[in-house]
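Basis for what follows: all heavy atoms, side chains included, without hydrogens, waters or symmetry-related copies. Protein chains get the first letters and strands the later ones, always in sequence-line order, with residue 1 at the start of each.
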Protein chains: 2
Amino acid sequence: MKASALGPMESLSMTDRVENILREYLMDNGFKPGDSLPNETEIAQKLNVSRNVVREALSRLRMLGLIESRTRRGMIMAQPDLFAGIEKVMSPSILSHDNQKDLFELRLILEMGIAEFLFARKTDKDLAELEAIVNKQKGLKSLSREDEIEFHGKLYEMTGNDTFRRFQTLLFPVFDHVFKEYLDKGVHMDLPNPVSHADLFEVLKNGTAGQFRNAMYVHLTPYFTTTLKNGGLSPS
Amino acid sequence: MKASALGPMESLSMTDRVENILREYLMDNGFKPGDSLPNETEIAQKLNVSRNVVREALSRLRMLGLIESRTRRGMIMAQPDLFAGIEKVMSPSILSHDNQKDLFELRLILEMGIAEFLFARKTDKDLAELEAIVNKQKGLKSLSREDEIEFHGKLYEMTGNDTFRRFQTLLFPVFDHVFKEYLDKGVHMDLPNPVSHADLFEVLKNGTAGQFRNAMYVHLTPYFTTTLKNGGLSPS
DNA sequence: ATAATTATATTTGTAGGACAAATAAACAAC
DNA sequence: GTTGTTTATTTGTCCTACAAATATAATTAT
C-alpha cells in the first residue's frame with residue numbers, strides 16, 4: 001500500500017471534515033449570533049460519525065468564538081473574535097523567523113498608513129492626552145519600550161479603529177523581539193532621532209496628513225534601514 | 001471525584017484549561033518544530049483529566065497548525081500557520097459590522113503604508129510585469145474587481161513580504177463586501193479616478209516613495225471619503 | 001553474521017456507553 | 001397568580017474498546 005506515492009494525500013481526519021462541514025453549514029444558512037444549533041447527538045447521527053468527533057470539531061469552533069454552549073440551552077451561534085486564533089500563535093518562540101521578520105515590517109507598514117485616519121478623527125481631547133505623554137517623555141534621554149508603546153499606542157487609539165489597534169498590540173511583542181535580535185547582531189541605533197515624538201505631535205496638531213506621513217517615515221527610518229539593509233528577503 | 005483540584009475554576013471548561021496548559025507548556029519549554037510531545041494518555045494522567053478532554057484541546061492546537069500527529073510516531077510540534085485561525089472567521093456573513101468596517105479601513109491603511117518597501121525592493125522584472133497589467137487595463141472604460149485585485153495584488157507581491165500579501169488577500173472579500181454596501185446605500189463613485197493604475201505605475205517606476213504615498217492617497221480618495229464621511233465610528 | 005521477513009508493541013483515530021451538572025419547561029401547591 | 005417541585009434535555013466529562021498504522025524487536029533465511 002504505497003499511498004504516499006500519490007503526492008499530498010488529501011487525508012483529512014473525520015474531525016477536520018466535520019469542522020469544515022459545520023462551518024459551511026453555519027455560513028451557508030446565514031446563522032446569526034444567538035441562533036441555536038442542533039444538538040451534538042443529532043449532528044453526529046446526521047453526519048454518521050461519533051459524538052466524539054463532533055465534539056472535537058465543535059471544540060475548535062468554540063475556540064474561535066464562533067459558537068458558545070450553555071448546558072441545557074444547547075449551543076448558539078456567537079460573534080467570533082477575529083483574533084482569537086491568531087493571538088494564540090503570535091509569539092516569537094513559536095513563529096518562524098520569516099514570519100517574524102514579515103510581522104516586523106508589517107508594523108512599519110501600518111504605522112506609515114494611519115495618517116489620514118488620525119487627521120480625520122483626532123479630537124482636542126486626544127491631542128491633549130497625547131501632549132501629556134509627549135511632555136512626560138521630554139526630560140528623558142532615551143525612551144524605554146514602555147514609552148514607545150504609550151506614545152504609539154495612543155496613536156493607534158486615535159485612529160478610531162479598534163481592530164487595527166488590537167492588531168498592532170498583538171504585533172508589538174514580535175516586533176520588539178525581532179528588533180532586539182538586530183541589535184544583538186551589531187546594528188547600531190544610537191543616533192538621536194531627527195523626528196521625535198514631540199515633533200510628530202506638533203505635525204499632528206498643526207500640520208497635514210501628508211506632512212505627518214513624511215515625518216513618520218523619518219521617525220521610523222532607523223527601523224526601515226534595519227530591515228531593508230539586513231534581513232530583507234531578497235526577491236527573486 | 002472532584003477534578004477541580006487543578007486550579008481556580010474560572011468557569012473555563014476543562015478543555016479550555018488543558019488547551020492553555022499545553023500551549024504554555026510548549027512555549028515555556030522551547031519546543032521547536034519536529035520535537036515530539038508526550039502521548040495523549042500520558043498527558044491525560046499527568047493532568048488528571050480524561051483522554052477526551054486532552055484530545056479536544058489537542059484538536060484545537062492541531063487546527064492552528066501548532067502540532068501534527070501521525071499514527072504511531074506520536075505528535076510532533078509543527079510550524080503554525082499564522083492565519084489558520086483568522087481565515088476561518090474572515091467572512092462577511094460571520095463578522096460583526098464593526099469588524100468589517102474596521103477591516104475595510106485596515107486595507108486602506110496597509111495600502112498607504114507599503115511605499116517604502118516597494119521602492120526598496122522593486123525589480124525590473126516586477127516593473128515589467130506590472131506594466132503589462134497596466135497596459136492590459138488601458139483600453140477598459142471601467143475596471144472590474146478582478147482588475148483591481150490583479151494590479152494591487154501585484155503590488156502586494158512586490159513588497160517582498162509574503163505575510164503581508166496573504167493578509168491583504170484575506171482582507172479583500174470583506175473589503176469588497178463593505179464597499180458594495182456603501183454603494184447600495186447610495187454612495188456614488190462615478191467620477192474618473194484622477195490617479196489611475198497607470199499613473200501609480202509611472203510614479204513607482206520613476207518617482208520617489210514620498211510621491212508614491214501621495215499618489216496612492218489620491219488614488220484611494222474615493223474609499224477614504226466613503227469611510228470617513230459615512231460609517232466612521234465616531235470617537236468618544 | 002547479515003539481510004530480509006515477520007511478529008509485537010505502541011499510539012492516534014474513531015466509536016459508543018455512562019453519568020453528573022445545569023436548567024428550561026411542565027406541573028403542583030398555596 | 002405566584003411559588004416551589006419534578007422532569008426532561010443537553011452539554012461536559014469519564015470510561016472502555018478496537019482499527020489502522022508503523023517503529024522496534026524477534027525470527028528466519030542466506
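Taking atom CD of B:E19 as the reference point, atom P of D:dG12 lies 14 Å away to the nearest angstrom. Per the geometry, CG belonging to A:N48 stands 8 Å off P belonging to C:dA15, to the nearest Å. With rounding to whole Å, B:Q45 atom CD is found 13 Å from D:dC15 atom C1'. With rounding to whole Å, B:L47 atom CG is found 15 Å from D:dC14 atom C1'. Rounded to whole Å, the distance from CE on A:M75 to P on D:dT10 is 10 Å. Going from atom CD of A:E68 over to atom P of D:dG12 covers 11 Å, rounded to whole Å. We find that CE of A:M14 is positioned 15 Å from C1' of C:dG16, with the value rounded to whole Å. Distance, B:I76 CD1 to C:dT10 P: 21 Å, rounded to whole Å.
For DNA chain C, no neighbouring residue in residues 57-67 of chain A is found when judged by any heavy atom under 4.0 Å.
For D:dG12, one of the phosphate oxygens OP1 or OP2 lies less than 4.0 angstrom from a side-chain nitrogen or oxygen of A:R55. B:S69 has no side-chain polar atom (N or O) that falls below the 4.0 Å cut-off from OP1 or OP2 of C:dT11.
A donor-acceptor contact under 3.5 Å links the side chain of A:R51 to the base of D:dG12.
The side chain of A:V53 lies closest to C:dA15 when the candidates are D:dT11, C:dA15, D:dA17. Comparing D:dC14, D:dG12, C:dA15 by their nearest atom to the side chain of B:S50 picks out D:dC14. For B:N39, the listed nucleotide lying nearest its side chain is C:dT12; candidates were D:dT11, C:dT12, C:dA15.
When heavy atoms are screened at a 4.0 angstrom cut-off, A:T41 is found touching no nucleic acid atom at all.
Between B:F117 and B:F164, a ring centre-to-centre spacing not shorter than 6.0 Å is recorded. Here B:F104 and B:Y182 bring their ring centres to under 6.0 angstrom of each other. Residues A:Y156 and A:F167 place their aromatic rings such that the two centres sit no closer than 6.0 Å.
Looking at heavy atoms from C-beta onward, A:D162 lies in side-chain contact with A:R165 at the 4.5 angstrom threshold.
Classification of B:D126 and B:K154 as a salt-bridged pair holds, one side-chain N sitting under 4.0 Å from a carboxylate O.
The residue among A:E56 and B:R73 whose nearest nucleotide of DNA chain C is located toward the 5' end is B:R73. Nearest-nucleotide mapping onto DNA chain D: of A:E40 and A:N52, the residue sitting toward the 5' end is A:E40.
Across B:P92 and B:V174, no two heavy atoms sit closer than the pair CG-CA, 4.2 Å.
Note that CD of A:E19 and OG of A:S59 are 10.5 Å apart. Values are rounded to the nearest 0.5 Å.
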